[in-house]
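Here the structure is laid out as structure tokens; the discussion comes afterwards.
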Amino acid sequence: MIYQKQELISEGKTKRVWATNNPRHAIAEFYDDAMMYHAKKKVYFKNKSKYCNQINCILMSILEDNSIATHFVQKHSDCEMVVRRAEMIPVEVVVRNYVAGSMAVRLGLEPFSKLKSPVLEFCYKNDELNDPVINEYHACAMDLCTPEEMSLMVYTASRVNKLLCEVMKKIGIVVADFKLEFGRVNGRLVVADEITPNCARFWDEETLLRFDHKDVNPEYEYAEILRRLQENYPY
Ligand code: C5P
């Protein structure tokens, strides 16, 4: 079907979401002045939205092909995708394979060290409170999700981590950590939002550093990850 954009439904840090002529589907549009969360600074470069959309479309398609339900329907344009309209669960699920960022600070651990086993953390999605870390008990007691949804989020996040690590290993990239969000579509839990370098630490296998660590050209990291994905995963 040909999708037509209608009214704006929501505007986040990296995306705008529009209603469409199909009441079950929306168009999510990445925009260029997106917040790059990990560095707690804004990184602008021309075409950032295009890199993010293409990386996300490839990774979401890989998840779908491996029977992991997502909100992704199809790519719509260079910087837009069609998604199923979902009721978002206000819990961020962070999956970590290496120590980095807030985990290093909070627990006094050596950055860049590999964890003995993956760690899952949960944050309450709330800008005013700066997305505080919570646990499964908080999430259920605060009625952010049901205990069944929490179990499924844990199971799915572990499956996504295993798959993402395999996919990225093939192209010389280490998945240090990433953040997932989930939504409900007709009561069914799906992976929603995005999987891009906006919300993940993807490191160069050779250096165990971000591709842009010299801060010379912020575009390089996104361009290099997309180039490697496109060469190996022709979606
Ligand atoms: O900053 P921190 O180390 O907690 O982030 C862990 C991972 O989760 C990083 O990949 C970061 O980009 C992602 N994250 C995110 N949005 C948040 C919190 C974390 O994308 N609100």
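Counting starts at 1 for both ligands and their atoms, following the listed order.
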Side chain, backbone, both or neither: which part of [X] has a heavy atom under 4.0 Å from ligand 1?
| X | result |
| --- | --- |
| Glu92 | side chain |
| Arg96 | side chain |
| Ala200 | backbone |
| Val94 | side chain |

Distance check, rounded to the nearest 0.5 Å: Asn66 atom CG versus Lys162 atom NZ? 10.0 Å

Taking 4.0 angstrom as the limit and counting only heavy atoms of Asp131, give me the atoms of ligand 1 inside it, by number and element. 21 (N)

Show the atoms of ligand 1 that are less than 4.0 angstrom away from any heavy atom in Cys199. 10 (O), 12 (O), 13 (C), 20 (O)

Does the ring center of Trp203 lie less than 6.0 Å from the ring center of Tyr98? yes

Applying ring pair (Phe, Tyr, Trp, His ring centres under 6.0 Å), can you list everything that pairs with His25, at least two apart in sequence or on another chain? Tyr3

Dump the intermediate steps for salt bridge (Lys or Arg N to Asp or Glu O under 4.0 Å) on Arg228 and Glu231, then the final yes or no. CA-CA 5 Å; Arg228 294 186 190 197; Glu231 271 178 12; over 6 Å; no

Closest to atom 15 (C) of ligand 1 (heavy atoms only, candidates Glu194, Lys179, Met103) is Lys179

With atom 2 (P) of ligand 1 as the reference point, say which of Ser102, Pro197, Gly101 has the nearest heavy atom. Ser102

Over all heavy atoms of both residues, which pair between Phe30 and Met81 is shortest? Give the atoms and the distance, please. CE1-CE, 4.1 Å

Suppose we screen for side-chain contact (heavy atoms from CB on, under 4.5 Å). Which residues come up paired with Leu8, at least two apart in sequence or across chains? Glu11, Arg16, Trp18

